[in-house]
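See below for the structure under consideration.
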Amino acid sequence: DRIDIQFTWKCPRDTDACDDKADLTGAGWAIFSVLMVAFLSKDMINGSKLINHSVRITHSFQSRIRYFFGGLCLCWFTLFALYVSTVYNKAIATSDTEIIVNSVIVLFVME
């Protein structure tokens, strides 16, 4: 039984209350947010620039379509990476260290 998910809730048999034993705090999520914004903002800005560039009439219609879909795909992939990283860390991370390590690994793989 080798699974990545670790169960952090402990429920003793002699009581009705359960305790969460996870060491994940708001500081871990704050560092996760700073890492994600720092690394993904570049792609969001570039995607937005491509979409903005597609509006210019000086380019041919084919170029404008390519710029628009390229910018749209870049923004979509960036937001999808943010969503997947958040869901993955919510499911897997049990401490602040794990959430930071998971975030750095996901960002490294995406690069």
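Note that the coordinates shown come from a computational prediction; the quantities given were computed from them, not determined experimentally.
Although no hydrogens or angles enter the test, the distance criterion places a donor-acceptor pair under 3.5 Å between the side chain of D96 and the main chain of T25.
In terms of heavy atoms, L50 sits closest to G70 at CD1-C, 4.1 Å. Here the shortest heavy-atom pairing between A93 and E98 reads CA-OE1, 3.6 Å. Nearest heavy-atom pair, L40 versus T78, reported as atom, atom and distance to 0.1 Å: O-CG2, 3.5 Å.
Hydrophobic cluster membership is shared by W76 and V87, with clusters built from Ile, Leu, Val, Met, Phe, Trp and Tyr side chains linked at under 4.5 angstrom. Both I51 and F61 sit in one connected hydrophobic cluster of ILVMFWY residues. Membership requires side-chain heavy atoms under 4.5 Å apart, directly or through other members. One hydrophobic cluster holds both L107 and I31 under the rule that ILVMFWY side chains link at heavy-atom gaps under 4.5 Å. Neither F80 nor F108 shares a network with the other; the hydrophobic side chains, linked directly or stepwise wherever heavy atoms of I, L, V, M, F, W or Y lie under 4.5 Å apart, form separate groups for each. A single hydrophobic cluster is not seen to contain both V34 and L82; linkage of ILVMFWY side chains at heavy-atom distances under 4.5 Å, directly or through other members, places them apart.
Checked against I65 for a side chain to side chain contact (heavy atoms under 4.5 Å, CB included), the options Y67, F68, F69 give a single hit: F69.
I99 CD1 to S33 OG: the interatomic distance, rounded to the nearest 0.5 Å, is 8.0 Å. Distance check: I45 CD1 to L74 CG gives 11.0 Å after rounding to the nearest 0.5 Å. The line from OG of S63 to NE2 of H53 is 8.5 Å long, rounded to the nearest 0.5 Å. For the atom pair CZ of R66 and NE2 of H59, the computed distance is 10.5 Å after rounding to the nearest 0.5 Å.
Proximity of W29 to N89: side-chain heavy atoms (C-beta onward) are separated by under 4.5 Å at one or more points.
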| message | Run the side-chain contact (heavy atoms from CB on, under 4.5 Å) test on C75 and S48 for me, step by step, so that the C-alpha distance in whole Å, both residues' side-chain angles and the decisive distance to 0.1 Å come before the verdict. | response | CA-CA 7 Å; C75 288; S48 300; 4.2 Å; yes
| field | Intermediate values then yes/no, side-chain contact (heavy atoms from CB on, under 4.5 Å), R64 and V55 | value | CA-CA 7 Å; R64 290 170 43 195; V55 179; over 6 Å; no
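Heavy atoms from other residues, nucleotides or ligands lying under 6.0 Å from CZ of F32 number more than 12.
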